[in-house]
Amino acid sequence: MKTPWTLRAMSVALGGAVLAGAAWAQQVTLRVHHFLPAQGSIPKTAIEPWAKKVEADSGGRIKVQVFPAMQLGGTPAQLFDQAKDGVVDVSWTVLGYTPGRFPRMEVFEIPFIAPSHDRSAEVMSKAAWDFANKFAAEEFKDVKLLAVHTHGPGLLHTKQPVTGLESLRGMKIRGGTRIVNNMLVKLGATPVGMPVPQVTEALSKGVLDGTTIPWEVGPSLRVHEIVKNHTTFGGDRALYTMAFAFSMNKAKYESLPPDLKKVIDANSGAALSAAFGKAMDEADKIGRDIALKAGNKITQLDVAETQRWLRTASSVEDDWVKEVKGKGIDGAALLREARAMIKQHDTK
C-alpha cells in the first residue's frame, strides 16, 4: 500500500513531467510586418516561403502570421524599430528609410557599385550578409538579424523618355534613400524622397515625373501602367541598389526553447539572404516582361553615355566617405572591402 508521502512524490514527479512536456511543446506565434502588398515579389516569393518553411520545420509549433502593407500601423521608416521594440516579432524594410542610421550598410547604395547582370541581387545579397556581420554588426546589435539583401539593378521609369543626362535634368524623380537622392542631384534631377508604397499615387497625381526602382517592384505598384518609358544602362555596372533587412525581436528569439531557436537559425543567415536576392532577380525578369507586353519603351544607354553618368555621380562616393569620417568610420576602407566581397561572390 502506497503511503501519502509516496503518493505526494508521485504527484510532484508527474506534475513536473507535465510541465516539462508543456515547455517542450511550446507554441509560438510570430507576427511579421512589412510595407508592400501581399502580391509583391518579396512578400510572395521570399517571405511567404520562409514562413511556411519555419512552420514546417518546427512541426507546427511556430505559427507565422504575415501582415503586409503596414496593416499593423506605423510607417515603413518605423519597421526596423517595430521589430527592435517588440511591437512586432519580425519586420522587413529598407535600411535607407531611416537616414543615417545604418551608415556602414550605405556602402551598398553607392552608385555603380553593383553588377548589372541577371544575378546582381543574389551576388550583392551574399556580399551584404558577409559585410553586415564583419563590418556592420553593431548596426544590428539590437535585433536578431535574419537576412540582409539588396534588390537588383535600379533604373529609371519616367513619363518622358530619358535618353541621356540632358533629358533627365529638372525632372522630379523619386529616390528611396538619401544616397540615391544625392545621386539624383548630381545627375541634374530634382529628387523627391518617399517610401515606395507612395510612388503610385505620386506618379498619378503628377507629383513625380518618374521614379527610381528595380523592375521587380513595378507590377505591384502598377508603374508600367502610369509611365511608358524605362531607362537602363550599358556596361557591367548598375545605376544603384538599396539594402534591406529582415529582422527579429531579440527578446522573442531568446525566449524560444533551444529546438525552436535552431529552427530560426537554420532559416536565417547567408542562405536566406541569397534566397531573398535570388527572388529579386527572378522578379526583375517578370517586371521587365510585363513592361514590354504593355508596349512600353525601354531605352538602354550605351557604354559611353553610361560612363558620363558614372563620372557625374562619382562625387556621391566622395560625399559619403567625408560624411561617415565624421562619425569615426573609414568609408574608403569599407568601400574597398565591399567591392572585394562583391567581386568574390560574383565569380562563384
is_close_aromatic([X], [Y]), centroid dist under 6.0 Å:
X: His33; Y: Trp92; value: no
X: Phe276; Y: Trp50; value: no
X: Phe102; Y: Phe80; value: yes
X: Trp215; Y: His157; value: yes

Is there a path of hydrophobic side-chain contacts, each under 4.5 Å between heavy atoms of I, L, V, M, F, W or Y residues, that connects [X] with [Y]?
X: Val217; Y: Val223; value: yes
X: Val28; Y: Val66; value: yes
X: Leu72; Y: Ile47; value: no
X: Met183; Y: Leu301; value: yes
X: Trp309; Y: Val185; value: no

For [Y], does its backbone N or O pair with a side-chain atom of [X] as donor and acceptor, under 3.5 Å?
X: Thr241; Y: Pro153; value: no
X: Arg174; Y: Pro191; value: no
X: Asp89; Y: Arg31; value: yes
X: Asn249; Y: Lys84; value: yes
X: Thr200; Y: Leu221; value: yes
X: Asp281; Y: Glu122; value: yes
X: Ser273; Y: Ala147; value: no

Any side-chain heavy atom of [X] within less than 4.5 Å of one from [Y]?
X: His34; Y: Pro43; result: yes
X: Thr231; Y: Leu155; result: no
X: Arg237; Y: Pro115; result: yes
X: Gln300; Y: His230; result: no
X: Leu95; Y: Phe140; result: yes
X: Tyr253; Y: Ile264; result: yes
X: Leu335; Y: Val321; result: yes
X: Ile173; Y: Val192; result: no

- Message: Go through it in stages, so that I can follow the logic: the residues are Ser91 and Gln82, the test is side chain to side chain donor-acceptor pair (under 3.5 Å), and I'd like the CA-CA distance, side-chain angles, deciding distance and then a yes or no.
- Response: CA-CA 7 Å; Ser91 71; Gln82 286 186 354; over 6 Å; no

* To do: For the pair Arg336 and Glu317, find out whether any cationic side-chain nitrogen is under 4.0 Å from an anionic carboxylate oxygen.
  =>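 No salt bridge links Arg336 with Glu317.
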
Is Glu254 paired with Lys144 through a side-chain N to carboxylate O contact shorter than 4.0 Å?
->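 Looking at Lys144 and Glu254, the cut-off is not met.
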
Ignoring hydrogens, what is the shortest heavy-atom contact between [X] and [Y]? Give both atom names and the distance.
X: Asp118; Y: Lys285; answer: CB-CE, 4.1 Å
X: Thr212; Y: Val180; answer: OG1-CG1, 3.9 Å
X: Leu260; Y: Ser58; answer: CD2-CB, 3.9 Å
X: Gly287; Y: Pro219; answer: CA-CG, 3.9 Å
X: Ala238; Y: Ser116; answer: N-CB, 3.8 Å
X: Pro214; Y: Gly152; answer: CB-O, 4.1 Å

Hey, could you give me the [atom1]/[atom2] distance between [X] and [Y], rounded to the nearest 0.5 Å?
X: Ile179; Y: Ile113; atom1: CD1; atom2: CD1; result: 11.0 Å
X: Arg61; Y: Glu55; atom1: CZ; atom2: CD; result: 13.5 Å
X: Ile298; Y: Arg288; atom1: CD1; atom2: CZ; result: 4.0 Å
X: Thr211; Y: Gln198; atom1: OG1; atom2: CD; result: 11.0 Å
X: Asp130; Y: Lys134; atom1: CG; atom2: NZ; result: 9.0 Å
X: Gln39; Y: Glu48; atom1: CD; atom2: CD; result: 10.0 Å

- Passes side chain to side chain donor-acceptor pair (under 3.5 Å), Thr177 versus Glu109? Steps please. CA-CA 9 Å; Thr177 71; Glu109 299 177 16; 2.6 Å; yes

Asn229 and Asn296: CA distance, side-chain angles, deciding distance, side chain to side chain donor-acceptor pair (under 3.5 Å) verdict
CA-CA 6 Å; Asn229 297 279; Asn296 292 5; over 6 Å; no

For a salt bridge (charged side-chain N to carboxylate O under 4.0 Å, His left out) check, start with the C-alpha distance between Arg308 and Glu166, then their side-chain angles and the critical distance, and finish with the verdict. CA-CA 11 Å; Arg308 288 183 67 212; Glu166 290 72 18; 2.7 Å; yes

Quick one, Asp81 with Arg101, criterion salt bridge (charged side-chain N to carboxylate O under 4.0 Å, His left out). Give me CA distance, side-chain angles, the key distance, then yes/no. CA-CA 11 Å; Asp81 277 340; Arg101 183 163 181 182; 2.6 Å; yes

From Leu156, Leu208, Leu203, residue fulfilling side-chain contact (heavy atoms from CB on, under 4.5 Å) relative to Val227: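 It is Leu203; the other options fail the test.
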
Pick from Thr299, Leu239, Leu310: which one makes a side-chain contact (heavy atoms from CB on, under 4.5 Å) with Phe233?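 Single side-chain contact (heavy atoms from CB on, under 4.5 Å) partner of Phe233 among Thr299, Leu239, Leu310: Leu239.
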
Angle between ring planes, Tyr97 versus Phe35, binned at 30° and 60°: parallel, tilted or perpendicular?
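It falls in the perpendicular class, over 60°.
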
- Phe131 and Phe108 aromatic ring geometry - parallel, tilted or perpendicular at 30°/60° bounds: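 It falls in the perpendicular class, over 60°.
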
No-hydrogen, no-angle side-chain donor-acceptor test under 3.5 Å, Glu216 and Ser41: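 Indeed, the side chains of Glu216 and Ser41 share at least one donor-acceptor pair under 3.5 Å.
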
More than 12 heavy atoms from other groups under 6.0 Å of [atom1] on [X]:
X: Lys252; atom1: NZ; value: yes
X: Lys250; atom1: NZ; value: yes
X: Lys205; atom1: NZ; value: no

**Message:** Please evaluate residues Val32 and Phe246 with respect to the criterion side-chain contact (heavy atoms from CB on, under 4.5 Å), reporting the C-alpha separation (whole Å), side-chain torsions for both, the decisive distance (0.1 Å), and the verdict.
**Reply:** CA-CA 10 Å; Val32 180; Phe246 193 48; 4.1 Å; yes

- Item | Stepwise salt bridge (charged side-chain N to carboxylate O under 4.0 Å, His left out) check, Glu138 with Lys141 | CA-CA 5 Å; Glu138 66 183 79; Lys141 61 182 174 57; over 6 Å; no

**Message:** Let's go through Glu225 and Arg222 carefully: what are the C-alpha distance in whole Å and the side-chain angles of both, what is the deciding distance for salt bridge (charged side-chain N to carboxylate O under 4.0 Å, His left out) to 0.1 Å, and is it a yes or a no?
**Reply:** CA-CA 5 Å; Glu225 299 175 19; Arg222 299 187 295 109; 3.4 Å; yes

